[in-house]
Amino acid sequence: MSREELKELVESLNFSKDDYYILGSGSLLLYGIRDIAHDLDLCISEELFEVLKKQNRIVEGNANDCGFYPLASNVEVVVNPKQDFDRDFVDGYPVERLEKILAFKENRMKEKDQVDIVKIKKYLAQK
């Protein structure tokens, strides 16, 4: 999805910006480091998780091996206490900090991450 499509998708969820932030490729898309994102991964608060469970939008115990819960066809969420949120804002959207994404990708060291690592380092060096 494009940057505008991602923003539309995030807005359609109607979540308070205090209760989530965008992870991974979605963050990179908003930073301008990537041109597309294939899905939307969010870190959400425990409070929002409880609301989504009550609305039957999430089924507790239905997380994948990485701890993400499916929310929609191209949206997954992981839960984290608000006090542990580590985020910045880009265009008014809460996003995962680039330094955290970089550390994750460098630790994981998958081939698919190598282009992102170079682009993130370049972006941070210009900042």
Side-chain angles (χ1 to χ4, degrees):
M1 75 187 82
S2 70
R3 184 183 181 110
E4 288 309 311
E5 290 168 326
L6 179 103
K7 288 180 178 182
E8 288 175 18
L9 178 56
V10 169
E11 293 296 329
S12 75
L13 296 171
N14 200 30
F15 294 161
S16 166
K17 291 181 180 175
D18 290 335
D19 284 315
Y20 77 92
Y21 60 97
I22 301 166
L23 300 171
S25 64
S27 290
L28 295 177
L29 182 63
L30 289 175
Y31 278 110
I33 293 171
R34 277 203 181 170
D35 296 326
I36 61 166
H38 297 289
D39 61 3
L40 175 62
D41 294 328
L42 300 174
C43 179
I44 64 170
S45 68
E46 295 166 320
E47 296 83 2
L48 179 55
F49 181 71
E50 291 302 319
V51 169
L52 294 171
K53 282 189 334 186
K54 286 178 185 169
Q55 294 173 345
N56 294 316
R57 294 173 68 186
I58 287 181
V59 176
E60 190 164 14
N62 196 25
N64 66 20
D65 292 340
C66 297
F68 283 84
Y69 291 85
L71 182 64
S73 63
N74 58 345
V75 181
E76 292 185 329
V77 299
V78 66
V79 184
N80 209 11
K82 275 188 190 180
Q83 67 264 22
D84 295 340
F85 277 15
D86 190 11
R87 62 189 186 162
D88 285 327
F89 284 82
V90 175
D91 293 343
Y93 292 90
V95 295
E96 186 174 19
R97 287 181 45 254
L98 278 178
E99 294 84 358
K100 189 172 176 184
I101 297 170
L102 178 61
F104 172 79
K105 288 181 174 285
E106 286 181 325
N107 185 53
R108 187 168 69 169
M109 288 305 291
K110 285 193 173 183
E111 187 175 329
K112 70 178 188 172
D113 294 330
Q114 299 311 305
V115 171
D116 287 340
I117 290 170
V118 170
K119 288 181 177 183
I120 293 169
K121 285 182 176 181
K122 182 178 178 182
Y123 182 95
L124 290 171
Q126 294 173 347
K127 221 175 160 187

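The structure displayed is predicted, hence computed values, not measured ones. Just the heavy atoms: all of them, side chains too, but no hydrogens, waters or symmetry mates, feed the values below.
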Kindly compute the distance separating [atom1] ([X]) from [atom2] ([Y]), expressed to the nearest 0.5 Å.
{"X": "Asp19", "Y": "Ile44", "atom1": "CG", "atom2": "CD1", "answer": "8.5 Å"}
{"X": "Asp39", "Y": "Leu9", "atom1": "CG", "atom2": "CG", "answer": "10.0 Å"}
{"X": "Ser27", "Y": "Asp88", "atom1": "OG", "atom2": "CG", "answer": "9.0 Å"}
{"X": "Leu28", "Y": "Ile36", "atom1": "CG", "atom2": "CD1", "answer": "12.0 Å"}
{"X": "Leu6", "Y": "Glu8", "atom1": "CG", "atom2": "CD", "answer": "9.5 Å"}
{"X": "Lys105", "Y": "Leu98", "atom1": "NZ", "atom2": "CG", "answer": "11.0 Å"}

Apply side chain to side chain contact (heavy atoms under 4.5 Å, CB included) to the pair Asp86 and Glu96, showing each step before the final yes or no. CA-CA 6 Å; Asp86 190 11; Glu96 186 174 19; over 6 Å; no
Using a strict 4.0 Å threshold on nitrogen-to-oxygen distance, state whether Glu99 and Lys121 make a salt bridge. no
Apply the test side chain to side chain contact (heavy atoms under 4.5 Å, CB included) to residues Val10 and Leu40: give CA-CA distance (whole Å), side-chain angles for both, the deciding distance (0.1 Å), then the verdict. CA-CA 8 Å; Val10 169; Leu40 175 62; 3.7 Å; yes
Does any non-hydrogen side-chain atom of [Y] lie less than 4.5 Å from one of [X]?
{"X": "Glu76", "Y": "Asn64", "result": "yes"}
{"X": "Tyr69", "Y": "Val78", "result": "no"}
{"X": "Asp116", "Y": "Leu102", "result": "no"}
{"X": "Tyr20", "Y": "Val77", "result": "no"}
{"X": "Ile22", "Y": "Val90", "result": "no"}
{"X": "Arg3", "Y": "Asp35", "result": "no"}
{"X": "Phe85", "Y": "Arg97", "result": "no"}
{"X": "Asn62", "Y": "Pro70", "result": "yes"}

Hey, which of Leu13, Ile58, Val59 is the one that makes side chain to side chain contact (heavy atoms under 4.5 Å, CB included) with Leu52? Ile58
Using modelled atom types and a 3.5 Å cut-off, is there a donor and acceptor pairing between side-chain atoms of Glu50 and backbone atoms of Glu46? no
Between the main-chain N or O of Gly92 and the side-chain N or O of Lys17, is there a donor-acceptor pair closer than 3.5 Å? yes
Linking I/L/V/M/F/W/Y whenever any side-chain heavy atoms sit under 4.5 Å apart, do [X] and [Y] land together?
{"X": "Tyr123", "Y": "Leu29", "result": "yes"}
{"X": "Ile101", "Y": "Leu124", "result": "yes"}
{"X": "Leu30", "Y": "Ile117", "result": "yes"}

What do you reckon, is NZ of Lys122 surrounded by more than 12 foreign heavy atoms closer than 6.0 Å? no
